[in-house]
Novice: 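The structure's right below; bear with me while I get my questions together.
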Amino acid sequence: VDQPWTEAHCRRVAALACEIARRLQVPLDPVCDAALAHHLSGPCLTGNGLDRLLNDLRNLNVAIVSAPHPSPSDARVESIIEVAHAFEQGLEFSPYEPRSASEILEEIAALGFDPAAVQALRSIAVSAPPVPPKLAAYPSVLFKALALLRKDNTTFSDIESLVRSDQVMASSLLSVANAALYAPLTPIKSIGRAVAHIGVETAKKVLVAAAARPLFASSRLRGLWQHSTEVATVAERLARAKGVADPAEAFVAGLIHDIGRLATESLGRETVEAHHRIADDAQCVVVADMAVLGCDHGAFGARVIGNWGVPSDLVSTVEFHHRPELTDSVMSKLIYLAEFISESDEDIPSVVRLKIGMNALRMATMSELFEQNSNDRRVASLLALAG
Ligand SMILES: [Fe+2]
Ligand SMILES: [Fe+2]
Ligand SMILES: [Fe+2]
């Protein structure tokens with residue numbers, strides 16, 4: 001199969017294999033090297049899943065080549081890679097055959113692989129489903145900002161009364177209004193001039209972003225915050241352009257879609273470290289989620305915000321934003337596409353899921369997805385200043 005696709009697959013297998021080896025106290029380097037190279041000599045996928053995957057790739061005009069298969073000299077190394085590989089394949093085929101992490105593990109256990117390696121894979125997962133940590137209380141000011149965002153015909157005094165209730169709001173509006181993109185001739189120091197300069201609609205978005213910002217307080221989460229503002233901006237544009245969802249709700253859904261990633265950072269130190277190792281090595285957050293949390297960060301995030309009192313459709317948007325095939329929610333599909341456009345590489349790329357998203361938004365071509373995306377980036381980096 002073509003080079004980038006294969007390399008990404010090998011990276012995911014290697015990340016899982018290394019984590020298994022670590023638990024079995026087997027030296028990591030030979031496992032990692034063999035896993036990364038396991039396709040140098042040939043494709044290793046089998047069965048119906050392979051046929052469907054190859055078919056999708058052919059439809060995308062992806063070149064498919066075959067090569068001989070490797071055989072690691074060390075049987076222990078081989079058995080670790082086999083188990084890691086089986087788990088990765090389970091994840092890779094989940095758009096076709098939805099299965100939970102524990103179902104994939106059960107299937108692997110039944111396949112007769114080395115029991116010690118299977119047990120080591122199991123032990124990567126937290127023993128009980130992780131309790132969603134308490135994040136900074138869902139700020140009441142965010143509720144007010146959301147109400148403002150949803151309201152048509154917002155007036156200047158609506159904005160002013162909200163801004164008066166929160167210092168951070170005022171400074172966010174001023175910093176955005178004074179940003180280079182809006183190039184004021186003289187520095188803007190009043191809320192009135194700030195709103196007049198950037199417009200009521202942008203001001204509303206700045207306020208919602210400023211209200212959500214405290215959730216991303218730690219410096220480690222700065223990248224996630226910028227990603228969230230980008231997904232929010234893309235989601236709003238898609239909703240408006242396609243008329244399939246409310247743009248204001250799409251913006252909010254984009255802003256909090258990865259709340260599960262944020263919550264994962266608050267789990268126990270060993271859990272977080274294992275998650276970082278797998279996510280970094282695999283360059284794929286969802287693989288780490290499934291191995292460590294037993295579910296993806298969408299499902300985990302839905303549990304976090306489930307008791308915030310937010311609308312249930314927002315909860316299910318968050319829950320299914322990486323599994324759009326399992327829901328009727330158009331917003332989940334829209335956020336799935338916004339993730340793809342933002343190139344966040346959180347999940348294993350899936351042609352079938354992209355098609356589901358594009359059908360829901362009545363999109364005919366891939367190029368349609370990326371129209372105006374450079375403008376999204378500029379707007380998003382501006383909103384990231386908020387707070
Ligand atoms: Fe493979
Ligand atoms: Fe994301
Ligand atoms: Fe995500």
Side-chain angles (χ1 to χ4, degrees), residues 1-3 5-17 34-47 49-50 53-54 64 66-72 78 80-93 212 216 221 223-235 250 253-265 275 279 282 284-290 293 295-302 304-305 317-324 331-350 353 357 376 380:
V1 181
D2 89 317
Q3 198 83 9
W5 190 290
T6 309
E7 279 176 14
H9 157 79
C10 292
R11 260 198 316 269
R12 294 189 292 265
V13 173
L16 292 162
L36 285 173
H38 83 271
H39 271 271
L40 285 181
S41 52
C44 55
L45 308 177
T46 53
L50 175 64
L53 180 63
L54 292 181
I64 298 167
S66 68
H69 204 278
S71 50
E78 189 168 14
I80 289 172
I81 293 174
E82 260 179 353
V83 169
H85 198 273
F87 190 72
E88 199 275 349
Q89 272 200 289
L91 300 180
E92 210 163 314
F93 294 133
F216 299 78
L221 296 169
L224 187 56
W225 169 243
Q226 287 186 342
H227 163 68
S228 302
T229 59
E230 185 174 351
V231 170
T233 310
V234 173
L255 219 46
I256 65 164
H257 76 285
D258 275 341
I259 197 86
R261 286 181 65 186
L262 192 155
T264 303
E265 298 291 331
H275 189 276
C284 181
V285 176
V286 167
V287 169
D289 294 338
M290 295 296 278
L293 308 177
C295 64
D296 71 26
H297 60 267
F300 189 46
V304 174
I305 61 168
T317 294
V318 169
E319 180 169 6
F320 294 109
H321 80 271
H322 286 288
R323 294 173 298 159
M331 195 68 89
S332 281
K333 295 166 190 178
L334 191 149
I335 297 292
Y336 181 83
L337 290 184
E339 287 269 42
F340 179 75
I341 293 169
S342 77
E343 296 173 346
S344 61
D345 293 336
E346 285 172 28
D347 203 350
I348 301 173
S350 163
R353 286 175 174 158
D376 291 335

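Counting starts at 1 for both ligands and their atoms, in listed order. Since the structure is predicted, the reported quantities are computational estimates derived from the model, not experimental observations.
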Novice: Looking only at heavy atoms, what is the nearest atom pair of Ala338 and Ala235, with distance?
Specialist: CB-N, 4.1 Å

Novice: Taking the six-membered ring for Trp, are the ring centroids of His321 and His297 within less than 6.0 Å of each other?
Specialist: yes

Novice: Could you report the tightest heavy-atom contact between Val318 and Ala302, atom names first, then the distance?
Specialist: CG1-N, 3.8 Å

Novice: I want to check something: taking the side chain as every heavy atom from C-beta on, are Leu224 and Leu221 in contact at a cut-off of under 4.5 Å?
Specialist: yes

Novice: When you measure from the Fe ion (ligand 1) to each N, O or S atom of His38, which atom gives the shortest distance?
Specialist: NE2

Novice: Does the ring centre of His227 sit less than 6.0 Å away from the ring centre of His257?
Specialist: yes

Novice: For the Fe ion (ligand 3), find the closest N/O/S atom on His322 and give its atom name.
Specialist: NE2

Novice: Side-chain donor-acceptor pair under 3.5 Å between Glu7 and His39, yes or no?
Specialist: no

Novice: By atom name, which N, O or S atom of His85 is the nearest to the Fe ion (ligand 1)?
Specialist: NE2

Novice: Tell me whether Asp347 is salt-bridged to Arg353, with the criterion being a basic N under 4.0 Å from an acidic carboxylate O.
Specialist: yes

Novice: I'd like to know: is the Fe ion (ligand 1) within the 2.8 Å range of an N/O/S atom from His9, strictly under that distance?
Specialist: yes

Novice: Less than 6.0 angstrom separating the ring centers of His9 and His38, yes or no?
Specialist: yes

Novice: Hey, which protein N/O/S atoms does the Fe ion (ligand 2) have under 2.8 Å?
Specialist: His227 NE2, His257 NE2, Asp258 OD2, Glu339 OE1, Glu339 OE2, Glu346 OE2

